[in-house]
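One structure is given below, encoded as structure tokens.
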Amino acid sequence: MKVEQVWIAGEWRDATSTSSFGAVNPSTGAELPEKFPISDWADCDSALNAAVEAARALRTVSNEDIALFLEAYANEIERSAGDIVAIAHAETGLPVKPRLSEAELPRTATQLRQAAAAAREGSWQDVVIDTKTNIRSHYAPIGPVVILGPNNFPFAFNGVSGGDFASAIAAGCPVIAKSHPLHPGTSKILAECAMRALNASRLPKATVQMLYGISNEDGLRLVADPRVGATSFTGSRAGGLRLKAAADAAGKPIYLEMSSLNPVVLLPGAIAERGEKLSGELADSCLAASGQMCTSPNLILAIAGDATSNLARALAETLQSRPSAPLFSEGGLKALDEGVKWIASAGAEIVTGGARVEGEGWRYKNTMLQITGKDFLAEPEKLQREAFGNATLFITLNDVPQLVQLLETLEGNLTGSIYSSSTGADDHLYDEVAQALRFRVGRLLNDKVPTGVALSPAMGHGGPFPSTSHPAFTAVGIPRSILRFGALHCYDNVREERLPDALRNQTTLPQIWRTVDGTMIRG
């Protein structure tokens, strides 16, 4: 049986491994033919040693060369788009159009090019110069970065191609990517694209490396290794917290994106004005990627009344009428069912769905649960369990004070949305509700579902714990997302010729913004 090779120190080589795994097509439940190794620690050790050498070499590589690699990689991905999309469709069940070919693949190439532009321009370094004291500081590469990508975005958050990858490379850090076990074939083709771009560049050959699988114990050991600069992880809360404990014990930065319920508040004027339209928008958002998006709206909150009852009924009917899309894995299906049953046992009523779809593949009935604000407040911790998938909880409140009280019990979330009347009928309520929600979410939206995450420099894709491990975190929004992989370097009375280029009086970076004696100047 052929087992695929791992990418270490600039070459594809046989893994040091005693076991392997394969992906499964979630639409059919059929095993795919390729086999991928679960590496022993020896592979991790080799990759770490190579990454340390690459980090040292990258200190002398120009911003322009880093930018050229990222742009060449984006080009290679676009040239291989057909093959990448085909294998991703087989491994994830996500539709070819529009999701993979028209949305996620172009997004991935775009963020690589955005990272290239940020690397070339250099302002992400946040240079501050005080000429009176001759003290200068900026952000510099933190060192080798381990990226553990999620299951739900096979391109745009992949450890070897996604936003974390692009940010780390733009910062001048080598990357050790760990492929997600649900889409290893997709990761392999992306890594081959990266290798072609890397071989044509001036960057060290170990700037990018990739392993397919490692044991949980080796994962904990990897994020705590002295040779690692930082780690990025997107996944479950349980897995993230175990990794965080290991990294924290070793004093290593780790950036985690974990669980989020993304509450959506529907104010009375909005429901009265456009309730039917809102039910359709919410259904679309709840079912995007079968609910397997980190910004999927898992909590919908509204003041009780006839209009709210009609909206809730319309939403349940819409969910019931639409076909269930595949979930990514059998484990995800089991976890979703357990989550729904847990929420029901805590007092919520299953209005529609709540069971597996019989037949081939891994599908779950589109599900809506419902509960009153009073009953939610009786069990707020239990009812905030994430059911990752096509399920949402509709909460009806007595009044705005109870709504505010409930919002103040929520854990940290990536997003929070408030829908209000376009006529101003809800304006007297908005400030009170927004104040309660604002410090429990990273991104606050008005009159908009949360599932779109734009590639904008102003975007924040993070939030208070447990949505992430740090309230200043963002995984999207270049150049700010690059700062996760920077270390603050300060120079005191160091001679001009000994300073990094960005800190010199006469820098060769013509576009960089720098703060000099309290004033921002360019170049």
Side-chain angles (χ1 to χ4, degrees), residues 152 235-238 258-266 279 282-283 285-302 304 308-309 311-313 315-320 322 324-325 327-357 362-398 402-403 405-417 437 440-441 450-451 466-467:
N152 58 344
S236 72
R237 181 171 177 173
M258 299 178 288
S259 62
S260 184
L261 299 180
N262 309 300
V264 176
V265 177
L266 309 175
S279 68
L282 290 168
S285 187
C286 290
L287 299 183
S290 199
Q292 300 168 115
M293 299 182 76
C294 46
T295 52
S296 184
N298 295 124
L299 290 181
I300 300 169
L301 304 95
T308 294
S309 297
L311 186 152
R313 188 180 306 110
L315 175 59
E317 290 172 354
T318 302
L319 294 175
Q320 189 175 31
R322 294 191 184 179
S324 299
L327 296 166
F328 292 130
S329 69
E330 188 173 20
L333 173 61
K334 180 181 177 183
L336 173 58
D337 187 49
E338 289 175 350
V340 168
K341 286 180 168 54
W342 174 277
I343 294 167
S345 72
E349 174 195 359
I350 297 176
V351 179
T352 187
R356 177 175 180 158
V357 175
W362 298 310
R363 292 173 173 83
Y364 198 74
K365 292 181 180 180
N366 300 330
T367 298
M368 188 180 97
L369 303 100
Q370 192 161 355
I371 196 169
T372 66
K374 177 184 176 181
D375 289 340
F376 186 98
L377 288 167
E379 296 282 6
E381 292 183 6
K382 285 186 176 181
L383 287 159
Q384 288 183 70
R385 172 164 170 168
E386 184 180 33
F388 190 66
N390 50 329
T392 194
L393 176 61
F394 198 105
I395 308 172
T396 55
L397 292 307
N398 292 336
Q402 189 182 59
L403 168 61
Q405 182 186 2
L406 190 151
L407 292 176
E408 290 175 345
T409 70
L410 296 183
E411 296 181 325
N413 285 275
L414 294 171
T415 72
S417 305
L437 189 58
R440 283 163 177 78
V441 303
T451 36
S467 61

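Basis for what follows: all heavy atoms, side chains included, without hydrogens, waters or symmetry-related copies. The first residue in the sequence is number 1, and the count goes up from there.
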Starting at CG of Leu261, measure out to CZ of Phe388 and round the result to the nearest 0.5 Å.
11.5 Å
Is any side-chain heavy atom of Glu317 closer than 4.5 Å to one of Arg313?
yes
Can you check whether Gly389's main-chain N or O pairs, donor with acceptor, with Ser290's side chain at less than 3.5 Å?
no
Nearest heavy-atom approach of Ala304 to Thr396 is CB-CB, 4.3 Å
Less than 4.5 Å apart, any side-chain heavy atom of Asn366 and any of Thr352?
no
Hydrogens and angles aside, do Ser279 and Thr318 bring a side-chain donor and acceptor to less than 3.5 Å of each other?
no
Checking the side chain of Thr409 only, and the main-chain atoms of Leu406 only, is there a donor and an acceptor separated by less than 3.5 Å?
yes
Is there a donor-acceptor pair under 3.5 Å between the side chain of Gln405 and the backbone N or O of Gly373?
no
Could you tell me the separation between the CZ atom of Phe376 and the CD1 atom of Ile371, rounded to the nearest 0.5 Å?
7.5 Å
Any chance you could lay out the side chain to side chain contact (heavy atoms under 4.5 Å, CB included) test for Leu393 and Met368, step after step, and finish with the verdict?
CA-CA 6 Å; Leu393 176 61; Met368 188 180 97; over 6 Å; no
Mind running side chain to side chain contact (heavy atoms under 4.5 Å, CB included) on Leu407 and Val265 for me, showing each step along the way?
CA-CA 10 Å; Leu407 292 176; Val265 177; 4.2 Å; yes
So, Arg385 side chain and Trp342 main chain: donor-acceptor pair closer than 3.5 Å or not?
no
For residues Tyr364 and Asn390, is any side-chain donor paired with an opposing acceptor at under 3.5 Å?
no
Considering all heavy atoms, the nearest Leu410-Pro263 contact:
CD1-CG, 3.8 Å
Without swapping roles, check the side chain of Gln320 against the backbone of Ala316 for a donor-acceptor pair under 3.5 Å.
no
For the student: nearest non-hydrogen atoms of Leu315 and Ala283, plus distance:
CD1-N, 3.7 Å
So OG1 of Thr392 and CG of Leu282: to nearest 0.5 Å the spacing works out to 8.0 Å
Taking all non-hydrogen atoms of both residues, which atom of Val357 and which atom of Ser324 are closest, and how far apart?
CG2-OG, 3.8 Å
Does Glu411 pair with Arg237 as a salt bridge, N-O distance under 4.0 Å?
yes
Any chance you could lay out the side chain to side chain contact (heavy atoms under 4.5 Å, CB included) test for Leu403 and Leu301, step after step, and finish with the verdict?
CA-CA 8 Å; Leu403 168 61; Leu301 304 95; 4.0 Å; yes
Side-chain donor-acceptor pair present, Asn413, Asn262, cut-off under 3.5 Å:
no
Side chain to side chain contact (heavy atoms under 4.5 Å, CB included) between Ile395 and Thr372: does it pass, once the steps are laid out?
CA-CA 5 Å; Ile395 308 172; Thr372 66; over 6 Å; no
Check whether any side-chain N or O of Thr367 sits under 3.5 Å from a backbone N or O of Gly354 as a donor-acceptor pair, and report yes or no.
yes
Would a 4.5 Å heavy-atom cut-off, applied to side chains only, mark Ile300 and Leu266 as touching?
yes
Are the side chains of Met258 and Glu386 in contact, using a 4.5 Å heavy-atom criterion?
no
Do Glu349 and Leu369 make a side-chain contact, defined as non-hydrogen atoms from C-beta onward lying under 4.5 Å apart?
no
Answer whether the closest heavy-atom distance between the side chains of Arg356 and Asp337 falls below 4.5 Å.
no
Ile350 side chain reached by Val340 side chain, heavy atoms, under 4.5 Å
yes
Do other residues, nucleotides or ligands put more than 12 heavy atoms under 6.0 Å from the NZ atom of Lys374?
no
Rounded to the nearest 0.5 Å, what separation is found between the OG atom of Ser345 and the CD1 atom of Ile343?
9.0 Å
Backbone of Phe328 reached by a side-chain donor or acceptor of Gln292 within 3.5 Å:
yes
Output yes when a side-chain donor or acceptor of Ser259 lies under 3.5 Å from a complementary backbone atom of Ser467, and no otherwise.
no
Check for a donor-acceptor pair, side chain of Thr415 on one end and backbone N or O of Pro450 on the other, with a separation under 3.5 Å.
no
Asn298 and Ala391: which non-hydrogen atoms are nearest, and at how many Å?
ND2-O, 3.1 Å
Taking the side chain as C-beta and beyond, is there a heavy-atom pair between Pro297 and Cys286 under 4.5 Å?
yes
So, for Arg363 and Leu333, which heavy atoms are closest and what is the spacing to 0.1 Å?
O-CD1, 3.7 Å
